[in-house]
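So the structure is just underneath, and the comments pick up after that.
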Amino acid sequence: MATKAKKKVKKKKGSLLMITVSFAIFLLLSVIGGYFSLLYAGDRMIEENEQKLKDLKAEPTVIYDKNGVELTSLIREKNREYKSISEMPKILTNAFLAVEDRRFYDHKGVDMVRIGGAIVNDIKKGSLAEGGSTITQQLARNVFLTLDQTFWRKTKEMSIAIGLERKYSKDQILEMYLNRVYLGKGEFGVEDASLYYFGKHVSDDDFTVAEAAMLAAIPKAPTTYNPFNNPEKAKLRRDTVIRLMAEQGIITEEQKNEAQAEPLPTEPSEVPGSSGLKKGYRAYFDHLVDEAEETYGVSEEELYRGGWSVYTTFDPKIQDAMVKEYDNPKNFPKDGTERSVESSMIVVDAKNGGIAGMMGGRNYAVKGFNLATDMKRQPGSSFKPIAVYGPAIDIDSKKWGPNSSLSNKKQSFNGYEPRNYNNKYSETVSMNRALIDSLNVPVVWLLNEIKVPTALKYLEKFGIDMEPEDRNLAIALGGLSKGTSPLKMAQAYTAFVNGGVVSEAHTITKIENKSVGILREYEVKQTEVLKPQTAWTVHTMLERAVQEGTGKAARISGRHVAGKTGTTQSTIGDSSVNKDAWFVGYTPEYVGAVWMGFDKEDKNHLMRQGSSLTAQMFAKVLAEGLKGVKSTDFVRPGGAVEEEPEEEATPPIQLEATMTMDNNNQLQVVLSWIGGEPDYTYDVYRVKENGERELIAANFKDTIYVDVLNSPVKYRYMVVPRNKEGQEQTPSPIVDINTKQLENLINDGQDHHEDGNNQGGMPEGNGNGDSGQLPPDNGNGNGNQTNGQPPGGQGNNGNHGNQGNPNNPNNPSNPSNPNNNGEAPPPDIGNPNGNQPGSGGIELPPPPEDGSQQPFPEGTNG
C-alpha cells in the first residue's frame with residue numbers, strides 16, 4: 001500500500017511539474033511572440049511612415065471663424081531649419097541628455113528602469129502621467145502618434161522606439177529628435193527655437209551654456225517653461241537643468257554659477273510671422289488654445305504640429321470693431337501719470353454663448369493676464385438683475401414684478417444703511433423705476449425680503465463664483481469680496497435674451513484631424529436659471545434702463561438694446577472718482593460686457609469718469625460690428641406675457657450742483673439732475689445773487705451739465721424742463737453750490753478718511769445708487785449683522801469733468817462730436833459719502849497670489 005501511495009505521489013508531482021514547465025514554456029513563447037509582434041508592428045509603422053522622419057514639414061493647423069473663413073494658420077510660413085548633429089555644440093546635446101534621457105546611449109529604445117519609476121508614479125497619482133519615456137520614445141510619439149495618454153498608445157510608442165533603435169544609430173535618433181522636439185511658441189527643433197528666443201544659430205560661437213539649458217528646459221511643459229510666457233518659472237526650470245549638468249560633470253561649478261546668473265532673453269515687441277494674427281486678435285487666440293486643451297484634450301503642441309482644423313465662434317466684424325474703438329484713446333478716461341486706465345470687453349452669441357470677440361486689455365501681452373476672462377472686479381449695479389430682481393420675480397411672480405411696490409425709505413438693516421444716489425427717498429417705489437434709476441435702498445430691501453441664500457443659489461446657476469464672505473446684503477449692489485469677470489457677466493446675461501437659459505461661453509464648435517481620424521464637436525451646455533416669463537419681465541425693465549435710465553449711452557440707432565450700468569467706489573479718491581465702471585447689455589444678436597478701471601489706484605491714477613463710457617463702448621462696437629445685419633426685435637418666449645407698467649406720475653426735477661476742478665485746475669460746477677420724462681429737454685440757468693437768471697444751455701438733452709467758471713463767483717442754479725412740444729414744465733428748485741468736493745481736491749494730500757463722515761457731492765447720498773458699509777450676513781438670509789459693523793465704502797460716481805459740457809468736443813451731446821447720436825446718457829451720479837478705509841481692490845495684472853481683494857467689499861453704484 002505504501003509503495004502504491006508513493007507511486008501516486010510521484011506521478012502527481014510529475015504531472016504538476018509537466019504542467020508548470022508547459023505553462024512556463026507557453027509564457028516564454030507568448031513573451032517572445034509578443035516581443036516579435038511588437039518588433040513587427042514597430043517596423044511596419046516605421047516603414048509605412050518613414051517619410052515623416054525625412055520631411056519635417058507638416059500640414060498646417062487651420063483655424064476658421066464662424067463663417068468658415070480661415071482666421072489663421074499655426075505653422076509658420078518659413079521652412080524649418082534642419083541642423084545636423086555635427087553642427088550642434090556638444091553642450092546642447094549634453095543639456096538635453098542630462099534632463100531628458102541620461103541613459104540614452106545605454107538602452108535599446110526603452111529604459112525599463114525609468115518605466116518602473118513611471119509606473120510607481122502613475123499608481124500614486126491615479127493617472128497616466130507622462131514620464132519614463134526615452135528620447136527614442138518621444139521621437140516615436142512626436143512623429144507617428146497622437147498625444148492621447150492610453151495604454152495602447154504607450155505600447156505602440158515602445159514598439160516604434162525599439163524599431164527605430166534597430167534601424168538607426170543613436171546619433172541619428174538624437175539628431176532627428178532635436179530637430180523635431182516642440183519648444184513652445186510654435187517652434188519645433190533647436191535651430192528654429194534658438195533663432196526665435198536668442199536671435200542666433202546653435203552653431204554660433206557665442207551660444208552659451210545657459211541658452212543650451214534653456215532649450216533643454218522647455219520640452220517638459222512648452223507653454224509654461226518657455227522664457228517669453230513665464231520668465232520666473234522658465235528661469236527656475238533652466239537653473240535646474242544647469243544644476244543637473246553640473247552634478248553629472250558636464251560643466252564645472254564655476255560654469256554653473258555663471259550660467260545661472262545669465263539673464264533670460266526678452267521677447268521682442270514684434271515677431272515676424274509669429275502667428276499670422278491681425279492686431280488685437282491675440283487674447284481671443286490664446287483663450288482658444290487654452291480651451292482646445294482643457295475641453296478637447298488637444299494641446300498647444302499638437303495644434304502647432306499641424307493637421308488640425310479648428311472651427312470657432314469668432315466674428316471678425318465684432319473683433320475688428322473692438323480693435324478700432326480700443327485704438328482710440330478718446331473712448332477712455334484720462335490717463336494717469338504712469339499708467340492708462342485699463343479696459344476689457346467680451347461679446348458672446350446671445351443664443352448659444354459662442355464668443356464672438358474679446359479684448360483682454362488695452363495692451364494685452366501674449367499669453368498674458370486676460371482682463372476679459374481672468375480678472376475679478378466688483379460689478380456694481382450691473383449685478384442687481386441677476387442677484388435680486390431676477391430671483392425675486394422667479395420665486396413669486398404674483399408678489400414681485402415691475403409694478404410691485406418696494407420700500408424706498410432711508411433705513412437700517414441691522415446697522416447696514418444703503419443710500420440712494422440722489423439722497424431722495426419715499427415710502428415706496430416701483431421695481432421698474434428702482435431698476436431704471438438704479439436706486440439702492442429698494443434692491444437691498446428686496447434682497448432682505450427674499451433672503452440672501454436664495455440669491456446665492458440663483459447666482460450659482462448663473463455661473464457666478466461666490467465666496468463664503470459674500471453671504472451679506474451687499475451682494476444686491478455688486479459688493480463682492482473678490483468680484484467677477486466680464487466673461488461671467490456676459491454669460492449670465494444670456495438668460496435675459498434666451499428665455500431664462502444661460503448658455504456656456506465657448507470659442508470652439510468643432511476640432512478635427514482627418515489624418516489621425518479624430519473628430520470632436522462642442523456639446524451644447526445650457527442651464528435653465530429663470531422661468532421664461534421671469535427672463536422676459538426682467539428684460540423689459542433692462543430695455544427701459546437703456547431707453548430712459550442710466551444706460552442711455554448704450555443706445556444704438558435703429559437697433560433694440562437692453563442692459564445695465566454699474567460703477568464702484570474709489571478706495572482713495574473723492575466723490576468724483578470711480579474704481580470700476582461696467583456696462584453689461586445685449587441686442588437680439590449679441591451680449592456684451594465692458595469694464596474700465598485702473599489696475600491699482602493711487603493719487604496719480606484716479607478715474608473720474610464712469611459707466612457712460614463703458615456703455616458708449618458697447619454701443620460703438622455693436623453698431624459697427626452689426627453693420628449689414630438686419631435689425632430685429634427681441635423675441636418674447638412662448639407663453640410669456642407682457643406686463644404693462646403702471647402709469648407713473650412724472651417725478652419732479654431734483655438738481656444738485658457740485659463745485660470741483662478739472663485736470664487743468666479750472667473751476668467748474670457739475671450739475672446733475674433726475675426726474676422728468678425720457679423725451680424732456682432742459683434749459684439750464686445760473687441764478688445771480690439779485691435773483692436774475694442767466695441761460696447757459698437751452699434744449700439740452702442730457703441730465704448732467706458742466707458749467708466752467710472763469711471766476712470764483714458763487715452762482716446758484718436751476719433747471720427748467722420742456723416736453724416734446726417745447727412747453728415748459730415744473731422747474732427744479734433753485735439750489736446752492738456744494739463746495740465740499742472742491743475742498744477735498746484742494747486738500748488732496750491730506751487724509752480724506754479721518755472720520756468716515758460725508759464728503760463732497762450730495763449730503764448723505766452715496767452718489768451712485770450703491771451701498772455704504774457692508775456687514776457680513778449671519779447666515780439666516782436677512783442680512784443681519786452679528787459681529788458689529790465692518791469698514792466698507794460707499795458707492796461711487798459716474799461721469800463728471802467736462803462730459804456734460806456742450807462746448808466739449810468729446811461730449812456726446814455736442815453736434816461736432818462724430819459719435820453723437822443726438823443724446824447723451826445721464827451717468828451714475830457722484831458719491832456724497834466719500835471714502836472710507838478698509839478696501840483694497842484686486843491689482844491687475846497680475847492678480848495677487850491669493851486672489852484676495854479686501855476683508856469687506858466696497859460699495860457700488862448704478
Side-chain angles (χ1 to χ4, degrees), residues 66 313 315 347-356 382 384-404 430-432 435-436 446 450 454-455 457-464 488-506 509 521-547 551 554-556 558-564 584-593 622 626 629-646:
K66 62 176 292 186
T313 60
D315 186 337
V347 174
V348 305
D349 188 284
K351 294 296 184 182
N352 59 38
I355 300 175
S382 65
K384 292 174 180 178
I386 62 176
V388 184
Y389 291 125
I393 297 170
D394 205 57
I395 61 174
D396 193 345
S397 60
K398 293 182 179 179
K399 185 175 182 180
W400 308 117
N403 297 321
S404 299
S430 71
M431 180 187 293
N432 198 49
L435 186 149
I436 291 170
L446 181 57
I450 69 172
T454 299
K457 289 178 182 177
Y458 274 90
L459 288 168
E460 182 180 0
K461 290 194 290 183
F462 272 114
I464 304 295
K488 292 290 188 180
M489 290 300 292
Q491 181 176 274
Y493 267 58
T494 60
F496 301 127
V497 71
N498 201 23
V501 174
V502 168
S503 298
E504 179 191 56
H506 62 283
T509 58
E521 296 188 76
Y522 175 71
E523 296 180 6
V524 177
K525 296 179 182 177
Q526 295 183 315
T527 305
E528 185 175 345
V529 179
L530 303 172
K531 301 181 185 73
Q533 178 66 62
T534 302
W536 183 252
T537 299
V538 177
H539 157 74
T540 58
M541 294 192 291
L542 291 173
E543 197 166 12
R544 285 193 64 185
V546 171
Q547 292 169 353
R555 290 181 296 187
I556 302 173
R559 292 195 181 274
H560 294 273
V561 179
K564 186 72 187 72
V584 187
Y586 51 92
T587 66
E589 299 81 14
Y590 285 123
V591 180
L622 270 295
L626 289 173
V629 177
K630 183 179 179 181
S631 177
T632 59
D633 200 352
F634 294 106
V635 178
R636 186 169 60 197
V641 297
E642 194 81 45
E643 185 172 354
E644 291 295 331
E646 295 178 350

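Hydrogens, waters and symmetry mates play no part in the numbers below; they use all other heavy atoms, side chains included. None of these values were measured; they are calculated from a predicted model.
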* Hey, does the side chain of S404 reach the backbone of K399 with a donor-acceptor pair shorter than 3.5 angstrom? -> yes
* Just by modelled atom types, is the E589 backbone N or O under 3.5 Å from a matching donor or acceptor in the T587 side chain? -> yes
* Asked: Heavy-atom distance under 4.5 Å between the side chains of D633 and H560, does that happen here?
  -> yes
* Asked: Can you list the steps and then say if M541 with N432 is a side chain to side chain contact (heavy atoms under 4.5 Å, CB included)?
  -> CA-CA 6 Å; M541 294 192 291; N432 198 49; 3.0 Å; yes
* Taking atom OG1 of T509 and atom CD of E521, what is their separation to the nearest 0.5 Å? -> 8.0 Å
* Asked: Minimum heavy-atom separation for A356 to Y590, with atom names?
  -> CB-CE2, 3.5 Å
* Member of V546, L622, N498, L542 meeting the side-chain contact (heavy atoms from CB on, under 4.5 Å) criterion with Y586 -> L542
* For the student: nearest non-hydrogen atoms of F634 and A562, plus distance -> CZ-N, 4.2 Å
* **Donor-acceptor contact below 3.5 Å, side chain T494 vs main chain S503** => yes
* Are any of the side-chain heavy atoms of I386 and M489 separated by less than 4.5 Å? -> yes
* Asked: With distance as the sole test, does K351 use its side chain to make a donor-acceptor pair with the main-chain N or O of V497 at under 3.5 Å?
  -> yes
* Do you know which two heavy atoms are closest between A392 and L446, and how far apart they sit? -> CB-CD2, 3.9 Å
* Any sub-3.5 Å donor-acceptor pair from R636's side-chain atoms to V641's backbone N or O? -> no
* Let me know which of D394, I450, I464, V388 forms a side-chain contact (heavy atoms from CB on, under 4.5 Å) with Y458. => D394
* Among V348, V347, D349, the one residue meeting side-chain contact (heavy atoms from CB on, under 4.5 Å) with V591 -> V348
* Measure the spacing between NE2 of H506 and CG of N352 and express it to the nearest 0.5 Å. => 5.0 Å
* Verify, without hydrogens or angle tests, whether Q491 (side chain) and A505 (backbone) share a donor-acceptor contact under 3.5 angstrom. => yes
* Exercise: identify the closest heavy-atom pair between P637 and G499 -> CG-CA, 3.9 Å
* State, to 0.1 Å, how close F496 and H539 come at their nearest heavy-atom pair, and which atoms those are. => O-CB, 3.7 Å
* How far does CD of E504 sit from CD of E523, to the nearest 0.5 angstrom? -> 10.5 Å
* Provide the closest heavy-atom pair for A495 versus A535 in the form atom of the first, atom of the second, distance. => O-CB, 3.5 Å
* Is a donor on one side and an acceptor on the other found under 3.5 Å between the side chain of S397 and the backbone of I393? -> no
